[in-house]
Structures are given as structure tokens and as C-alpha cells.
S.K.: 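Take this structure first; my questions come after.
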2 protein chains.
Amino acid sequence: MKKKPTSRDVAKKAGVSQTTVSLILNNRTDMTFPETTRRKVREAARELNYVPNQFARGLKTNQSRLIGLLLPTISNPYYQTLAQHIEEFAASKGYNILLCNTSRLADREESYISLLKSKSADGVIYTFAPLLPDKVRQVIPADRMVIFGENEQNLGFRTISLDSYKAGEIVAKYLIELGHKRIGFVTSPLSGFSLSRKSRLDGVIAAMKAAGLESGLVVKEGKDEKEINDSSFEIDIGFSLTEELLREHSVTAIIGVNDMVAFGALSHILRTDLRVPEDISVCGFDNIYLSRILKPHITTVDHYIADKARSAVEMIIASVEAEDDPSDRQMDTHDNMNGPMLIKRESTGPAPN
Amino acid sequence: MKKKPTSRDVAKKAGVSQTTVSLILNNRTDMTFPETTRRKVREAARELNYVPNQFARGLKTNQSRLIGLLLPTISNPYYQTLAQHIEEFAASKGYNILLCNTSRLADREESYISLLKSKSADGVIYTFAPLLPDKVRQVIPADRMVIFGENEQNLGFRTISLDSYKAGEIVAKYLIELGHKRIGFVTSPLSGFSLSRKSRLDGVIAAMKAAGLESGLVVKEGKDEKEINDSSFEIDIGFSLTEELLREHSVTAIIGVNDMVAFGALSHILRTDLRVPEDISVCGFDNIYLSRILKPHITTVDHYIADKARSAVEMIIASVEAEDDPSDRQMDTHDNMNGPMLIKRESTGPAPN
DNA sequence: TTGTATGCGTTATCAT
DNA sequence: ATGATAACGCATACAA
């Protein structure tokens, strides 16, 4: 590890003071330098391969340009895509992403929170409801924290909402319009972590009720969530619950609680005599990239994740920048955001008969 | 952003000096303290919610416990799984992952390299051949850099090899044993970035040649790589090239250059009258998690990615730790590692006739 | 316009 | 066994 050049080295080489180097390299507009000085400094920096030491800078400024991204797992197309969008937008703004995979384990979550504090992360994006909301509050300033997902329990954190309830309604209404009266809802466990699963189901129930079809809904819920780190678990759940469902009930449509579960359902159905969508319709949620790839293309609900990822990052950056200039302290008025949108594809059609 | 407590605050509260706090909280074994002092300090730290400031610590120690992970994209099951394994093992060792998505763009790669230097990253893991090897060499010390993948051009970087050539051989030999004589090789572009694609093909060619079946190989190569950031591109390539291939040639087996391409191939075949594997066999490379999920389960080659991810992280950590104690400077003797292994599944069978 | 001096919070050296 | 004190490299208030 050869020693790295410091701003003092650059200063010496350029024949100016270290202050001048700092000022010029930070492009400070409130100061003006002769073009020759600027050139000398930049050239010296380039020749020495100088890069400012973020430890030293951070010690002064207390900014890290680091955003912690907490995920239950990255082996899941939904989180993947989310991570990708967040990373891309953050990078475009000069912020970087520290990958924090919690596996939904409280102790991992806790150690990551401490880590983020000690690294003076400028912000934290949760992609699930915190397991330890009180701990988080102690450690992370409220305006540096955003939850990406459901907002139900209202813990007082800022939230980028996906409105899963409405998404559930939309899907159910669509199927009802197509004439479906007996619908199966297949889901990984509703208890515990994922609030969005429950919300989606609630939305479906509401729509069924509104159409007087309550009794036509069959819910099949998966059991334990032990293997949740690998999304193959969700496919398996979709597969086996659908098998069970079709053995016991005659439905004309199946809603998977997300696209992965829906794939599992589809995967079972394709092994039977049933045709999709002639005999049975299938749909999911999330519009993960696989849903426009795997055949038959699956009907699903899009959340405008890219836009929302952008908003999440923007909220944090706004707080960071408000630090210097406390004037524009406008918080989270992100209400005019796109709601969920149905993506109709091959896997759904009119009810048979 | 309320002010964070410093070790001095802890010292004041515990009634000791700041030095003592540092010594105790760092669990230094070369120093011994009365149990009462230790308790006082720890308690004060806990009560104040004290977390050491990494900027200050880093300034002194020049260690960040940060590893930069350079990926072309994370929207690809292969890189996903790799990232997951690397993150998990690194976290277990107290190291963290900075996500560096380059989209295979040279300027992004360059800015990430500078960033990693300025953040004093302890190491860098490339998951592809560097676009800017010279720049990397200038900025990242050789012993803090590991390439995960092919080693062909031998740029002088340490490498965790996947031995794609051998993987190609293994697959081809297996198909030949099953009696296949006319085999299609379907691939995304061979030029440019991905060395492993070419190596896989070379391995296949070698095996065919060895069996005197050279003329039985048909290679279909996809054109431009513009949409490579979304792995749907690879599925599309598999789909359309297979369509083309089957129109022009009669083969009894198709090798996809990776599992995604193989899925694309499969996806087309399932829309024809051909049965898999009775009429035609399909296989891929990488053993991504989808390959044991999607039906029919696809035959593929496993690389022991989890083990190798571990090795990559270990190599870096070893270098970091060798810094203090330059005695154990044993470098990359990771030769006794598992080679590629064939995973036989439903999508392959004996050649027809 | 440029340079000098100081301090950020830690770790580490050296006294005590 | 514990406490003063000096760096680490940068940004910045202030001096020139």
C-alpha cells in the first residue's frame, strides 16, 4: 500500500499553499483564481493521481455521500430491481450505496444501523418495515430515513408508499370485469414481516365484497418463511398451494401475492390440462422484469419503482443539502405520485363458460 | 442532525481519560484494566449510544472495512447471487460492500475507482475484466484487487477463476456421451467484454473436435449488446437465435452460453411441437437459482460460486491483515479449488433415433 | 488573491 | 494502570 499523495503534496508541486489547492479542487464559486493557478493545481493533482481523502474530509464536513440500503435479501427480483434503480440514481447525484443485507434478522439489522451511524451515512433507505423501529429512531435522524413500501403501522418514518391495498383492488376489479366469480389468492405467509401481502389481500377482499362476490374468494397461505432468502421459496409456495387449491376448489382465476408466487402457480397449471388464460387466468404483483420475459407473459401491477426509487434518494439528498441552508426545509410532500397501474398481458382473459 | 457523542464525552461520563475509553472499547489485549473501569466505560458508552466515528478512526488507521464490488449490472441473476454471497461473507468478517454498478461504461468504472481510492476501500472485487486495467493499476494496489471470473488475458491481477473452458468441455462431452452429434451453441455476443463466453465455446469446440464431431457444431451469435443491462436481453437472444437455428439446421441439442440464454431457447422450443428432452436437449451454464426453479429444470454447470466468493473476500482480508504483520505474505495460492461441475437435470436426455 | 493556523475525533507514543 | 499530547489530511476562519 504505497502512500497516497495529500493535498499538501499537490500544493508543493504546484508551488501554492494547501488552502489554494483545496479551494480550487472543490470548485468554489465564491472565490476567484487566475486561470494559470487553476491549471497549475489541476495539473499537479492529475500528475500525482491525487484523490482527496474522504476520512479527512468527512471529519471536517461530517458528510459521507453514503446511503445505506437495507434489504432482506438481494436474491429476489423485486429487491434487485429496486437496488439497481436506487444505485443508479444515487450515483448520478454523487451518492453511493452501501449494501445492507439483513436476511430479516434483527441482530444484523442492528449491527448495520450502528455501522451506518459510525460511517456517518447521509441517509438510510429501508425496503421493509424496520424490525427495530425504536433502535432506528435512536440512531438515525428522522429526516435521513425513508421506508420504501407500506406505510400501515405508521411508525413516524417517512415513507414512499406503494399502495398495495389499491393494487389489490385493481387486480380484483379487473378479474371481476372479466367475469371471474371464483378466485383464488395464493400467498406466502401473511403474518409478520411483509405488510404489503396483507394489504394486497385486503384490497382484493374489498373489491370482491363491493361486487357481492365475497364468498367466491379462496385464500391459500403458505406456512413458514424459513427459506425466504432465496426467492425460489416463493415459487415453490405458488406451485404447491396452487396444486392444493385446484384439488379442493374450482376457481377460474388465481392471484399470486407477487409475481414470483404467480410464476409458481403458472408453473403448476402448465403441467395440468388447463390452458392459460382460456381455462384459468393468473396474475401477480410487482411487474418484475421476469414477468415480461417468462412465457406466458403475466398480467401484473406496476408500481413505477424507478420513479419512486428516485424520490427516495431525492428525499435524503434534500435533507442533506438542507443542512447547510435550513431555508428549504420542505419535507416529504410526495403525494402527487403515480399510483399502481395494471399491466394486462397474456395470462389473463375472460372467465370460461 | 443532533450532535453525536464522542469518545471524550464517554470519558467524561465514565470519569476516565479519553485514551482509556479508546483502549477499552477496542478490546486491546496488550493492555489490562480493572474490571470496574471496563464496566464504567462500557456502560457510559451504551448510555450515550456512542459509536466511534469512522472518519476519525480511518484518518488514523487508513482502514475502511469497505470493499468495492464492481458489477456490470445487478439485474442479472448471476451477479445477484454473486453479490449476495460476497456481501454475506464480508459482513460476517466485519467488512462492508459498496455497490458499484458500472453498466460496462468506462467512465463509470473510472469514477468508481477514484471513489474507492478516496474512500480508502480496503479492497476491490471485479466481476468482469476491467475496461481500464492501467487506470486500475495506478489507483488500486495490486494486492487489494481480485478479479472474479476469467483469467485469460492475464493482466497481472489476481483472479478467482471459473474455468469456463473446462465447463464448456464438460457440457459438450456429456452431450456427446448421450449420443448427440449435431449440437447448436447459442450465445450473446462473443466479442468485447465477456471472456467467459468465448472460453465456454472454445471448450465445447475442443470436446467436439476430440470426438471427431467438429462439423456437427452450429454456432449462433447474438448481435449488439446494447440492452445488456437487463438480462431480458439474454433471454430474447436465446429465444430468437434458437428460432433461427431450428429453421436452418436440425440439431438434437442446444447449449446456451449461460442459463438465461438457455431459458430463452427453452422458451422458444416449448412453443413448438418439440419435446424436451425427448426430441431436443437444452443446457446452460452458471446454475443460477432460476435454473432449479423454472420448469423443466435445466441442466447446467455449477461453479461453486459461494466458495469462490468467500475466497475472493478472504484474499482481500488477508492482504489487509498482512499490512500490520508482513510475515504471512502468502498470496493467491488458490489452486486447489473446485472446478466446474455438471448438474444433470430434466432438460437433457439421450439423442433421438 | 493567497497563505497561516486551527480543529474535526480518533489512535498511538510516551510519560507518569 | 492511566493520562497528556501529537499526529492523520482536510476545510475554513482569519490574516496578509
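Note on naming: letters A, B, ... go to the chains in the order of the sequence lines (proteins, then strands), and numbering restarts at 1 for each one.
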S.K.: Consider side-chain hydrogen bond (donor to acceptor under 3.5 Å, both in side chains). Of A:Arg57, A:Lys4, A:Gln54, A:Arg65, which one does B:Ser118 pass it with?
M.R.: A:Gln54
S.K.: Within this structure, what is the CG-to-P distance between A:Leu23 and C:dT2, rounded to whole angstrom?
M.R.: 10 Å
S.K.: Is it the case that the side chains of B:Thr20 and B:Ser17 hold a donor-acceptor pair, with the cut-off being a distance below 3.5 Å and no angle test?
M.R.: yes
S.K.: Does A:Asn62 put a side-chain nitrogen or oxygen below 4.0 Å from OP1 or OP2 of C:dC8?
M.R.: no
S.K.: Take the protein atom CZ of B:Phe55 and the nucleotide atom P of C:dG9, then report the distance between them rounded to whole Å.
M.R.: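 Distance, rounded to whole Å: 12 Å.
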S.K.: Answer yes or no on whether A:Arg38 is positioned over the face of A:Phe33, meaning its NZ or CZ is under 6.0 Å from the six-membered ring centre and within 45° of the axis.
M.R.: no
S.K.: Rounded to the nearest angstrom, tell me the gap between atom CZ in B:Arg65 and atom P in C:dT10.
M.R.: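 Whole-Å distance recorded here is 17 Å.
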S.K.: For B:Gln54, answer base if it contacts any base atom (sugar-phosphate contacts may also be present), sugar-phosphate if it contacts only those atoms, and nothing otherwise; contact means non-hydrogen atoms under 4.0 Å.
M.R.: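 Since no nucleic acid heavy atom lies under 4.0 Å of B:Gln54, the category is nothing.
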S.K.: Could you check how far NZ of A:Lys40 sits from P of C:dG3, rounded to whole Å?
M.R.: 8 Å
S.K.: Starting at the 5' end of DNA chain C and moving along, which residue's nearest nucleotide shows up first, A:Leu59 or B:Thr61?
M.R.: A:Leu59
S.K.: Applying the side chain to side chain contact (heavy atoms under 4.5 Å, CB included) criterion to A:Ile67, which one of A:Asn96, A:Ile86, A:Val124, A:Ile97 satisfies it?
M.R.: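 The residue from A:Asn96, A:Ile86, A:Val124, A:Ile97 that satisfies side chain to side chain contact (heavy atoms under 4.5 Å, CB included) with A:Ile67 turns out to be A:Ile97.
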S.K.: Given D:dT2, is OP1 or OP2 found less than 4.0 Å from the side-chain N or O atoms of B:Thr37?
M.R.: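 It does, given that an N or O in the side chain of B:Thr37 lies less than 4.0 Å from OP1 or OP2 of D:dT2.
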S.K.: Can A:Glu109 and A:Tyr126 be counted as having a side-chain donor-acceptor contact under 3.5 angstrom?
M.R.: yes
S.K.: Kindly say whether, by distance alone, the side chain of A:Thr19 makes a donor-acceptor pair under 3.5 Å with the base of D:dT12?
M.R.: yes
S.K.: Give the rounded distance in Å between these two atoms: CZ of B:Arg8 and C1' of C:dG7.
M.R.: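 My rounded result for the distance is 11 Å.
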S.K.: With a 4.0 Å limit, can you tell me whether B:Thr20 has a side-chain N or O closer than that to the phosphate oxygens OP1/OP2 of D:dG3?
M.R.: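 Looking at the OP1 and OP2 atoms of D:dG3, one of them is under 4.0 Å from a side-chain N or O of B:Thr20.
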S.K.: When you check the phosphate oxygens OP1 and OP2 of D:dG9, does a side-chain N or O of A:Thr6 lie under 4.0 Å from one of them?
M.R.: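 Negative; the distance criterion is not met.
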S.K.: Measure from CD on B:Gln63 to C1' on C:dT10 and round the result to the nearest Å.
M.R.: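 About 14 Å, once rounded to whole Å.
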S.K.: Would you say a side-chain N or O of B:Arg57 is under 4.0 Å from OP1 or OP2 of C:dT11?
M.R.: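 Yes.
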S.K.: Would you tell me if any nitrogen or oxygen in the side chain of A:Ser7 comes within less than 4.0 Å of OP1 or OP2 on D:dC10?
M.R.: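 For D:dC10, OP1/OP2 do have a side-chain N/O of A:Ser7 under 4.0 Å.
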S.K.: May I ask you to verify whether the side chain of B:Lys60 and the base of C:dG9 hold a donor-acceptor pair under 3.5 Å?
M.R.: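 By the distance-only test, no, there is no pair.
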S.K.: Determine: side-chain N/O of B:Asn26 to OP1/OP2 of C:dT11, distance under 4.0 Å, yes or no.
M.R.: yes
S.K.: When you measure from the side-chain N and O atoms of B:Ser22 to the phosphate of C:dT11, is any distance below 4.0 Å, counting only OP1 and OP2?
M.R.: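 For B:Ser22, the contact criterion (side-chain N or O under 4.0 Å from OP1 or OP2 of C:dT11) is met.
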S.K.: Report the distance from atom CZ of A:Arg310 to atom CD1 of A:Ile160, rounding to the nearest 0.5 Å.
M.R.: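 Rounded to the nearest 0.5 Å, the CZ-CD1 separation comes to 12.0 Å.
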S.K.: Whole-Å distance between D:dT12 P and A:Gln18 CD?
M.R.: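 It works out to 11 Å between those atoms.
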S.K.: Rounded off to whole Å, could you give me the CD1-to-P distance for the B:Ile24 and C:dT10 pair?
M.R.: 15 Å
S.K.: If you assign each of B:Pro34 and B:Ala56 to its closest nucleotide in DNA chain D, which residue comes earlier from the 5' end?
M.R.: B:Pro34
